[in-house]
Amino acid sequence: MLASIPVMACPLLWTLVLLKVFAADCQVLVQPRIVGGYAPSPNSVKYIVSLQTSKGQHFCGGSLVHKYWVLTAAHCNMGVDQMMIVAGDYALGLYEGTEQYFKPHSLIPHPLYNKTTNNADIMLIKLRAPIDQNRYVSLAPLPRQNTGVLPGRVCRVSGWGSTSHSGGEIPPTLHTVKLPIVSTAKCNSSESFSGNITSNMICAGYSTGGKDACKGDSGGPLVCDGRVYGLVSWGNGCGDARFPGVYTAVSRFRRWIDQTIYSSFTRCYKH
């Protein structure tokens, strides 16, 4: 099923499908991927979505947390009119028949998001139509409010972002990499981020470097113990041994997520 509305009734969606079919030739959608990772089994990360421009260019990742809602980073805000959400995707350059396409109804960045410090880098996207949960698409479990992840715990981040500082010419499939959580104290040390890590952030990466999320992975999920504990937010380069990747700590915002989603439905039912 392509979407919740007929493709032929929406020229934009049909155009996107055609772009995906011919991407191997025209390179329209080819994006480099995660640094030091591997390609998981097709559609094994069922909750991940690709945020794309209205022309089909991938720019951020996100996670399905409700049939009408996507969780991503606030710095991925391009505006409602410039965005398309694609669920059930694996190879961005190919039309596989598993994709579902959606336009956003509204974008809700956290009110405390600070683009200078990257604090509270989290946003909810409400979809115009509900997703169809199937064997290719499902929802991501979230942690409870203020639950943490201990340093050393190995988590997994997935996305369609860069494989290196310069980007790599590789098949445009989803990639994933396993990374250990780094303590805030170490991440905030003078040898690393020098106090710029707030209580709303978590760090993950190896002391030897070489494995990391990168450009294009923003907003994508860092999954620990089966739950999305982090969203790709910022960093200093990709795979640098001194600078682990920095993620928005989702558990710090679980209450806000629930209030935003369910108060929205309450408003709908009142009218």
Side-chain angles (χ1 to χ4, degrees), residues 1-5 7 13 16-17 20 29 31 33-34 37-52 56 58-73 76 83-105 122-144 149 153-161 171-179 204 213 216-232 247-248 250-251 254 257-258 261:
M1 178 175 168
L2 289 178
S4 53
I5 57 177
V7 172
L13 294 185
L16 182 59
V17 169
K20 290 173 71 65
L29 296 177
Q31 291 283 332
R33 263 134 302 284
I34 272 183
Y38 60 93
S41 300
N43 303 109
S44 59
V45 188
K46 299 178 182 180
Y47 46 80
I48 197 167
V49 299
S50 168
L51 305 189
Q52 301 180 6
H58 170 85
F59 64 90
C60 274
S63 300
L64 291 164
V65 295
H66 184 279
K67 65 181 180 179
Y68 274 100
W69 294 86
V70 168
L71 186 66
T72 187
C76 292
M83 189 181 295
M84 175 77 75
I85 294 93
V86 185
D89 215 341
Y90 179 67
L92 291 181
L94 296 173
Y95 173 60
E96 301 156 286
T98 59
E99 300 91 337
Q100 296 180 44
Y101 302 91
F102 303 91
K103 290 293 291 180
H105 173 274
I122 189 169
M123 178 172 69
L124 280 163
I125 301 173
K126 186 175 184 181
L127 306 176
R128 291 187 185 179
I131 63 162
D132 175 26
Q133 294 189 64
N134 54 36
R135 58 181 175 147
Y136 307 108
V137 177
S138 63
L139 304 182
L142 300 178
R144 295 189 300 272
V149 186
R153 169 70 70 181
V154 176
C155 304
R156 184 175 79 164
V157 61
S158 303
W160 290 275
T173 58
L174 181 72
H175 268 55
T176 191
V177 66
K178 294 179 180 179
L179 301 167
D217 290 320
S218 289
L222 177 73
V223 175
C224 313
D225 300 323
R227 298 180 182 271
V228 178
Y229 272 88
L231 307 176
V232 179
Y247 301 79
T248 303
V250 173
S251 72
R254 176 61 192 270
I257 292 169
D258 288 348
I261 291 175

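Here the shortest heavy-atom pairing between Thr72 and Gly61 reads OG1-O, 2.7 Å. Looking at every heavy atom in both residues, Val232 comes nearest to Ala73 through O-CB, 3.9 Å. Nearest heavy atoms, Ala129 versus Tyr68: C-CE2, 3.8 Å. What you find for Val149 and Cys155 is that their closest heavy atoms are CG1-SG, 4.3 Å. Ile48 approaches Ser158 most closely through the heavy-atom pair CD1-O, 3.6 Å. Closest non-hydrogen pair, Gly159 versus Ile34, comes out as N-CD1, 3.5 Å.
Here the straight-line distance linking atom CZ of Arg144 with atom CG of Asp258 works out to 12.5 Å at 0.5 Å rounding. Distance NZ/Lys67 to CD1/Ile261: 12.0 Å, rounded to 0.5 Å. The distance from atom CD1 of Ile131 to atom CD1 of Ile85, rounded to the nearest 0.5 Å, is 12.0 Å. Expressed to the nearest 0.5 Å, how far OG of Ser63 lies from CG of Leu231 amounts to 6.5 Å. Remark: Arg227 CZ to Tyr229 OH distance equals 6.5 Å, nearest 0.5 Å. In this structure, Leu71 CG and Ile122 CD1 are separated by 4.5 Å, a value rounded to the nearest 0.5 Å.
Residues Val49 and Leu64 meet the side-chain proximity criterion, which asks for heavy atoms closer than 4.5 Å. Between Leu51 and Ile125, some side-chain heavy-atom pair lies under the 4.5 Å cut-off. Between Val70 and Phe102, the closest side-chain pair of non-hydrogen atoms is not below 4.5 Å. Between Asp89 and His58 there is no side-chain heavy-atom pair separated by less than 4.5 Å. Contact annotation: the side chain of Val157 approaches that of Tyr247 to within less than 4.5 Å [non-hydrogen atoms, C-beta and beyond]. Taking 4.5 Å as the limit, every side-chain heavy atom of Val250 sits out of range of all side-chain heavy atoms of Leu222.
Looking only at distances, no side-chain donor or acceptor of Gln52 sits under 3.5 Å from a matching main-chain atom of Val86. The closest donor-acceptor contact from the side chain of Thr176 to the backbone of Gly37 lies at 3.5 Å or more, if one exists at all. At distances below 3.5 Å, at least one donor-acceptor pair connects side-chain atoms of Glu96 with backbone N or O atoms of Ala91. For Lys46 (side chain) and Arg135 (main-chain N/O), a donor-acceptor pair under 3.5 Å exists by modelled atom type. A donor-acceptor contact shorter than 3.5 Å links the side chain of Lys103 to the backbone of Met83. Side-chain atoms of Trp160 come within 3.5 Å of backbone atoms of Tyr90 as a donor-acceptor pair (strictly under, hydrogens ignored). The closest donor-acceptor contact from the side chain of Arg128 to the backbone of Pro104 lies under 3.5 Å.
In terms of the side chain to side chain contact (heavy atoms under 4.5 Å, CB included) criterion, residue partners of Asp225 (sequence neighbours excluded) are, by chain and number, Arg153. Judged as a side chain to side chain contact (heavy atoms under 4.5 Å, CB included), and not counting sequence neighbours, the contacts of Ser218 are Cys60, His75, Cys76.
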